[in-house]
Amino acid sequence: MQQIARVSLVDTVVERLRAEIKSGEWPIGSKIPTEARLVESLGVSRPSVREAVRSLVQLGLLETRQGDGTYVVADDETTVALQHAIDGADDAEVVAVRRALDVVAAREAAAKRTDADLRQLRDALDGRAAAVAADDLAAFIDHDVAFHIGIARASKNALLTGIYLSFEPSLRDSVARTNCMAVSDDPEGGFHEALFAAIDGGDSPAATAAALSVLDDHEQQWHGSQD
C-alpha cells in the first residue's frame, strides 16, 4: 500500500510540474527552481521531487545540465516523441508526410483563417522577400518556416499544428541544405504568393493547388541537392 501511495504522489508532482511548463510559468529555455525550493513549495519529500523531475527528463520536457541545474527544453511530450520519430525517418519519408500535412493545412487555412492570421502570413512573406534581397540565408529560413507554420496555425486544428511543429527542425535543415533561396525555381516567391492569395481569398481548392506547387518546387531542390 505504501508503494501505491508513493507512485500516486510522484504522479501528482509530475502533473504539478507539467502544469507549470504548459502554462508558460516555466517557459522553454528557463531554469526550474532548485530541488529544495520545489520541496518547500510543493510540500512533498525530496525523493518524490527528484523522481518527478527524472520522469519529465525522460519525457523530454526537462534537461539536467551537470553543475548548472535543470532547464525546460520542451512544453509538449507528444511533440518530443514525434520529433524523435522524425529524426529516425529518412528524408524521403519526411518529405512525403510533410506533403500531406501542407496540403491539409492550406485547405483548412483557406476556410478558417482570421485577419490576424493573414497579417502574420503577410509579414512572413515580406520578411522572406527582404531576406532574398539582402542575401540573408538565416533570415530567409526564419521567415520561410514562419510562413509554413503560420498556415498550420491558421487551420485552427491544434493536432495538425502540433504535428507540424514537430517538423520545424527538419524543415529548417532542409531549407538550409537545399539552399532554396539561391536555387529555387521560385526566386521571387511566386508560388508562396499564390498560396497566400488563395488563403486570403478563402479558396480551398486554389490553396491546395498552390501548396502542391510550393512542395513540387521544394522536392526538385531536394532531389537536386542529392545529386
Side-chain angles (χ1 to χ4, degrees), residues 1-91 93-94 96-98 100-102 104-105 108-109 111-114 116-117 120 142 145-146 148-174:
M1 292 296 292
Q2 288 182 338
Q3 181 64 28
I4 293 174
R6 170 73 183 282
V7 171
S8 177
L9 178 58
V10 171
D11 287 344
T12 298
V13 176
V14 167
E15 289 307 313
R16 292 276 298 277
L17 300 184
R18 183 190 275 120
E20 295 291 330
I21 296 170
K22 289 184 175 293
S23 69
E25 187 68 25
W26 295 348
I28 293 175
S30 67
K31 185 177 180 178
I32 72 170
T34 64
E35 188 176 277
R37 287 182 59 191
L38 290 174
V39 167
E40 181 181 356
S41 63
L42 296 171
V44 297
S45 68
R46 189 177 291 266
S48 294
V49 168
R50 189 172 299 146
E51 196 168 334
V53 169
R54 188 181 301 117
S55 294
L56 291 176
V57 168
Q58 292 173 345
L59 287 172
L61 300 185
L62 299 178
E63 177 182 87
T64 299
R65 300 173 186 172
Q66 191 66 33
D68 188 12
T70 302
Y71 288 79
V72 179
V73 293
D75 58 11
D76 187 335
E77 58 267 33
T78 301
T79 300
V80 173
L82 284 169
Q83 183 59 57
H84 287 324
I86 292 167
D87 290 343
D90 65 38
D91 288 340
E93 291 174 331
V94 172
V97 174
R98 262 208 59 216
L101 291 174
D102 277 14
V104 174
E108 295 302 305
K112 299 174 182 176
R113 83 288 182 274
T114 64
D117 293 325
Q120 290 174 355
D142 286 343
V145 171
H148 291 288
I149 289 177
I151 292 174
R153 288 196 172 108
S155 74
K156 307 308 176 191
N157 184 318
L159 178 58
L160 174 63
T161 302
I163 294 173
Y164 204 93
L165 284 169
S166 302
F167 282 82
E168 182 175 353
S170 65
L171 178 57
R172 287 179 173 277
D173 181 63
S174 67

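What you are looking at is a predicted structure, and each value in this text was computed from that prediction instead of being measured.
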**Request:** Could you tell me whether the side chain of K112 reaches within less than 4.5 Å of the side chain of N157, counting heavy atoms only?
**Result:** no

**Prompt:** When you check the gap from the basic side-chain N to the acidic O, do E20 and R16 get nearer than 4.0 Å?
**Reply:** no

**Request:** Hey, could you give me the CD1/OH distance between I28 and Y71, rounded to the nearest 0.5 Å?
**Result:** 15.0 Å

**Message:** One pair to check against side-chain contact (heavy atoms from CB on, under 4.5 Å): L160 and I163. What are the steps and the verdict?
**Reply:** CA-CA 5 Å; L160 174 63; I163 294 173; 5.5 Å; no

**Request:** For the residue pair L62 and V72, establish whether any side-chain heavy-atom pair is separated by less than 4.5 Å.
**Result:** yes

**Message:** Could you measure the distance from the CG atom of D102 to the NE2 atom of H148? Nearest 0.5 Å is fine.
**Reply:** 6.5 Å

**Asked** Quick one: NZ on K156 to CZ on R113, what's the gap to the nearest 0.5 Å?
**Response** 10.5 Å

**Request:** Measure the spacing between CD of Q58 and CZ of R54 and express it to the nearest 0.5 Å.
**Result:** 7.5 Å

**Request:** Please tell me if the side chains of V53 and E35 come closer than 4.5 Å, counting only heavy atoms from C-beta onward.
**Result:** no

**Complete:** The reported gap from CH2 in W26 to CG in L61 (rounded to nearest 0.5 angstrom) is 11.0 Å

**Prompt:** Is there side-chain contact between E51 and V10, with at least one heavy-atom pair below 4.5 Å?
**Reply:** yes

**Prompt:** Is there side-chain contact between L165 and R153, with heavy atoms separated by less than 4.5 Å?
**Reply:** yes

**Asked** Is L17 close to L42 at the side-chain level, that is, under 4.5 Å between some pair of heavy atoms?
**Response** yes

**Prompt:** Is there side-chain contact between I32 and L38, with heavy atoms separated by less than 4.5 Å?
**Reply:** yes

**Request:** Please name the pair of heavy atoms, one in L9 and one in S48, separated by the smallest distance, quoted to 0.1 Å.
**Result:** CD2-OG, 3.5 Å

**Request:** Would you indicate whether the side-chain heavy atoms of Y164 and I151 approach each other to under 4.5 Å?
**Result:** no

**Prompt:** Which distance, rounded to the nearest 0.5 Å, do you find between the OG of S155 and the CG of L101?
**Reply:** 10.0 Å

**Request:** Identify the heavy atoms of G60 and A74 that sit nearest to each other, and give their distance.
**Result:** O-CB, 3.6 Å

**Prompt:** Any donor-acceptor pair under 3.5 Å linking the side chain of T161 with the backbone of A152?
**Reply:** yes

**Request:** Would you name the heavy atoms of L56 and R18 that are closest together and state the gap between them?
**Result:** CD1-N, 4.2 Å

**Request:** Using atom types as modelled and distance alone, determine if a side-chain donor or acceptor of D117 lies under 3.5 Å from a backbone N or O of T114.
**Result:** yes

